[in-house]
Amino acid sequence: MSSRDRILSKLKAKMPSTVAALPDVTGWFATHRVVESAADKASRFRACIELAHAEVHAVTPANWLTTLREILRTKGLDKILVSEETTHGCAVLDEFPAHGIDCQVYDMAIEAWKTEMFNATPASLTAARAAIAETGTLILWPDAAEPRLMSLVPPVHFVLLDASKIYNTFFEAMQTEGWANGLPTNALLISGPSKTADIQQTLAYGAHGPKELVVLLLTEDAQ
Amino acid sequence: MSEHILEFKPAEGFRARSKAVVDNPFLRQSFRGAMDFLMSKRAAQFPDAEELESLRTLGERIRQYNLAKLPTLLEQLEAKLTQNGIQVHWAETPDEANAIILGICHARHAKLMVKGKSMVSEEIELNHAAEAAGIGALESDMGEYIVQLANEKPSHIIMPAIHKTKEEIARLFADKVEGVDYTDNVDALIQIGRNVLRQKFLEADIGLSGVNFAVAETGTLCLVENEGNGRMCTTAPPVHIAVTGIEKIVEKLEHIPPLLSLLTRSATGQNISTYFNMISSPRLAGEKDGPGEVHLVLLDNGRSQAYADEQLRKTLQCIRCGACMNHCPVYTRIGGHAYGTTYPGPIGKIISPHMLGLEATSSMATASSLCGACGEVCPVKIPIPELLMRLREEAFTAPHANPAMVGQGAGYSWLMTSVWKGWAAVYRSPSLYGVATWLGSRFSWLMPSKQGAWTSVRVPLKPAPRRLRDMLRERG
């Protein structure tokens, strides 16, 4: 008998005969969490993620590139990692080099350029799939175009978020998008820059992941 | 790198270690301050008592629902993970879990393993096993990195280095990290750790992590963290090995949001952690990063013993938030190391006997005032005080056939049991009580002046020269 079979048979021998009722998660959220308007969700999202030390800039389709360039200049960054397979990545690739900003692309498997990713990639730009107002959380589903390390290794991470994609709660996000039917290789919730309070409960940012998280909150009209 | 400092023999050293901490005002101050900080952070997250109570009830129901179906869910999880390309391994004992993990390392000719925070890896003492096998095992959570540098073990399941001051950490870094000068600036210290560990994430052959929740219906491993080291360990190296206890499983993805909310708010008083990392497969064709191999090691190590008993099964509801230790008057005074077990505090007292047997842990359940704070703050309503009472009974009643636990009766003493039986008989019978108190009042001069632990800090007990019933009778 294998360890697997021994563990399972021990558990099965003592499994309760009566099945407990399925917990009513939907009911709890319906009675304990508010459903807000788009504007309220955006401002709640913003307030929460700012409290977690993220920087938020309201932008429009017309001005987000200029805003991003301005922030890069203010932070003294002259290099950014983007995807050449997304429209926002291509927009940066089209415009930034002419302004003296070096654009790196994630065009090959990490093994070919791991050292460069870790040592010479100061910033990156990815999109967020959606966000959560309740906790000030970005939802990212990294994929072949914007791989997992893009939102983790560079010290400054810029995220483009469409303000119309903010859910009230994590529960609402997974229910509405049908996550239970299938998840990607890696799904991420990100709620601020990397941090730790492991030394004498003193909060410090930039533990292992990005030191700065900059959200470009995209709405049709400037707020 | 680290040597074995604490042995799992709490029954032998528990008192001495507790006394050493109680006698150290600096350590006591540091625990008191840290616990006050964590308690107030948690309280600020739950301003609405009704919301807290209903969420705890929901959390309890979710955990009990999933435990009731545990073997079925484990099979479902295994099938789903396998379908997703994640390899599943089963271990009954710590040795078996280590052998599986080191086997995977050897197959890859691995030299360096970077570790995200995992209490199960502490439970199986993976670091020692890895070093004995010639594989470097490096902790990457800042707190864990600090305690590993100091050749110590974590003293808290959420904040491993909570017993250290920043000055101690500053001296440690200056002594142990190459090219580092003394600084007690916390930001500078964190940057030192960041720089050392970034290089290791880049070089490591294996990334090891724990699991906070495993979702059966989707085949997903969930990790909760703030630093990003958990994401590094599960993304940068070519192989990811996750290790977890068999109880951390939920059937449905929708069970995650309530548990996640309870966990982060109860543990560190955050409405959510910085990262919530959900892993459902190794790198797929066309993807450019992530490990090509992902393994999950499922560990029993006594959990099936707890499962077998309806009351003791509640121990397995735990989501490892650490709120019980933050609110425990005993933990606050003696800290995590005194327990000598991987899991300290109230949860440690109720889970360790299943892992180590009651012989080694019989005194743990007695180190409680039964004040009930742990049960009151537990986010999944584990009745910890009731379980402590149950473990006292298991440890101190005479050994009998078919015990619910290994080591049942380990603390049994014929003399002590007889004394209590006699005491009970006297208090049940008015005539016996009358005789006993009459004798007591007449022969009180026979009471010894040294009465064991009682007189170590108190004046000796002495029956009054006259009985209450006599005095009342006189009064009419």
Side-chain angles (χ1 to χ4, degrees), chain A residues 2-4 6-8 10-12 14-16 19-23 25 28 32 48 52 106 108-110 114-115 118 135 137 143-144 147-149 152 169-171 174-175 179-180 182-202 204 206-209, chain B residues 34 37 51 54 58 61-62 64-65 68 70-71 74 90-92 96 142-143 159 161 165-166 169 186-187 189-190 194 197-198 202 217-218 220 226-229 231-232 235-236 246 253-255 257-258 271-272 274-281 283-284 286-290 300 304 307-308:
Chain A
S2 65
S3 297
R4 172 189 187 275
R6 272 194 301 272
I7 294 171
L8 287 175
K10 270 193 267 184
L11 297 176
K12 280 179 184 168
K14 298 294 181 180
M15 204 172 156
V19 179
L22 197 65
V25 180
W28 190 87
H32 288 88
C48 285
Y106 204 142
M108 50 193 166
I110 189 64
K114 211 172 186 177
T115 311
F118 272 79
T135 48
T137 299
D143 55 14
R148 295 163 71 171
L149 291 174
L152 178 64
T169 60
F170 181 24
F171 178 70
M174 65 165 61
Q175 294 297 102
W179 289 20
L183 281 165
T185 303
N186 186 211
L188 289 167
L189 304 189
I190 299 178
S191 307
S194 155
K195 68 181 175 192
T196 184
D198 273 354
I199 300 181
Q200 222 176 296
Q201 302 95 54
T202 308
H208 295 292
Chain B
F37 171 79
E51 192 255 8
S54 67
L58 179 63
R61 284 203 188 128
I62 290 173
Q64 287 182 347
Y65 169 85
L70 184 60
L74 282 165
W90 303 70
E92 285 188 282
E96 209 181 321
M142 287 296 177
M159 311 202 83
T165 60
K166 64 179 178 185
I169 295 163
V186 171
D187 282 314
L189 290 168
I190 294 297
R194 175 185 173 100
L197 290 163
R198 281 223 147 195
L202 177 57
E217 70 172 345
T218 53
T220 303
N226 285 317
E227 296 186 0
N229 66 309
R231 286 184 63 199
M232 284 284 189
T235 315
I246 50 174
L253 194 62
E254 67 172 36
H255 294 163
N271 65 356
I272 193 168
T274 302
Y275 300 114
F276 187 62
N277 184 4
M278 309 173 80
I279 297 162
S280 302
S281 81
R283 185 192 307 195
L284 301 179
E287 291 179 346
K288 300 184 189 108
D289 60 20
D300 180 349
S304 55
Y307 189 79

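So you know, we letter chains A, B, ... as the sequences are listed, proteins then strands, and number each from 1.
Interface remark: of the candidates B:Arg283, B:Arg198, B:Glu96, B:Gln64, B:Arg198 forms the most heavy-atom pairs closer than 4.5 Å to chain A. Ranked by heavy-atom pairs under 4.5 Å with chain A, the first of B:Leu253, B:Leu284, B:Ile62 is B:Leu253. Most heavy-atom pairs under 4.5 Å with chain A: of the set B:Ala236, B:Ala161, B:Ala91, this distinction falls to B:Ala236. Annotation: maximal heavy-atom pairing with chain B below 4.5 Å, among A:Leu183, A:Thr185, A:Val25, A:Thr202, occurs at A:Thr185. For chain B, the option among A:Ala187, A:Pro184, A:Ala204 with the highest count of heavy-atom pairs below 4.5 Å is A:Ala187. Between chain A and the residues B:Glu254, B:Lys166, B:Arg231, the largest count of heavy-atom pairs under 4.5 Å involves B:Arg231. Counting heavy-atom pairs under 4.5 Å between each of B:Ser280, B:Gly228, B:Gly290 and chain A puts B:Ser280 at the top. Contacts with chain B were tallied for A:Cys48, A:Ala109, A:Ser2, A:Gly182; A:Ala109 has the most, counting heavy-atom pairs under 4.5 Å.
In this structure, A:Phe118 CZ and B:Met232 CE are separated by 4.5 Å, a value rounded to the nearest 0.5 Å. Separation of atoms CD1 (A:Ile7) and CG (B:Asp300) is listed at 4.5 Å; rounding is to 0.5 Å. Atoms CG and CE, on A:Leu189 and B:Met278 in that order, are 7.0 Å from each other to the nearest 0.5 Å. Rounded to the nearest 0.5 angstrom, A:Asn186 CG and B:Ile279 CD1 are separated by 6.0 Å. Annotation: the span from A:Ile190 atom CD1 to B:Tyr275 atom OH amounts to 6.0 Å, rounded to 0.5 Å. Taking CZ of A:Arg148 as the reference point, atom OG1 of B:Thr235 lies at 4.0 Å (rounded to 0.5 Å).
The two residues A:Ala207 and B:Met142 make their nearest non-hydrogen contact at O-CE, 3.7 Å. Closest of all the heavy-atom pairs between A:Ala144 and B:Gly286 is CB-O, 3.5 Å. Closest approach of A:Pro16 to B:Ala68, counting heavy atoms only: CD-O, 3.6 Å.
Looking at A:Thr115, both its backbone and its side chain come within 4.5 Å of chain B, counting heavy atoms on both sides. Contact annotation for A:Thr135: both backbone and side-chain heavy atoms come within less than 4.5 Å of a heavy atom of chain B. With a 4.5 angstrom heavy-atom cutoff, A:Ala52 does not touch chain B via any of its atoms. Contacts between A:Trp28 and chain B at a heavy-atom distance below 4.5 Å involve the side chain alone, from C-beta outward. Heavy atoms of B:Ser54 lying under 4.5 Å from chain A belong to its backbone as well as its side chain. Both the backbone and the side chain of B:Leu202 come within contact range of chain A, each with at least one heavy atom under 4.5 Å from a heavy atom of that chain. Heavy atoms closer than 4.5 Å to chain B are found in the side chain of A:Met174, but not in its backbone. At a 4.5 Å heavy-atom cutoff, the contact between A:Ala197 and chain B is made by backbone and side-chain atoms alike.
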From CA spacing to verdict: side chain to side chain contact (heavy atoms under 4.5 Å, CB included), A:Met15, B:Tyr307: CA-CA 8 Å; A:Met15 204 172 156; B:Tyr307 189 79; 3.9 Å; yes
Residues A:Asp143, B:Glu287; criterion side chain to side chain contact (heavy atoms under 4.5 Å, CB included); working and verdict: CA-CA 7 Å; A:Asp143 55 14; B:Glu287 291 179 346; 5.8 Å; no
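In this structure, the side chains of A:Ile199 and B:Ile190 come closer than 4.5 Å at one or more pairs of heavy atoms. Using a 4.5 Å cut-off on side-chain heavy atoms (C-beta onward), B:Trp90 and A:Leu8 make contact. A heavy-atom distance below 4.5 Å is not found between the side chains of B:Ile169 and A:Gln200. Two residues are said to be in side-chain contact when any heavy atoms from C-beta on lie closer than 4.5 Å; A:Ile110 and B:Lys288 fail this criterion.
Here A:Lys10 pairs with B:Glu92 in a salt bridge; the nearest charged N to carboxylate O distance falls below 4.0 Å.
Between the side chains of B:Glu227 and A:Ser194, no donor N or O sits under 3.5 Å from an acceptor N or O.
A donor-acceptor distance shorter than 3.5 angstrom exists from the side chain of B:Arg194 to the backbone of A:Gly206, with no hydrogens or angles considered. One N or O on the side chain of B:Asp289 and one on the backbone of A:Leu149 form a donor-acceptor pair closer than 3.5 Å.
Heavy-atom neighbours of A:Lys114 NZ from other residues, nucleotides or ligands within 6.0 Å: above the threshold of 12.
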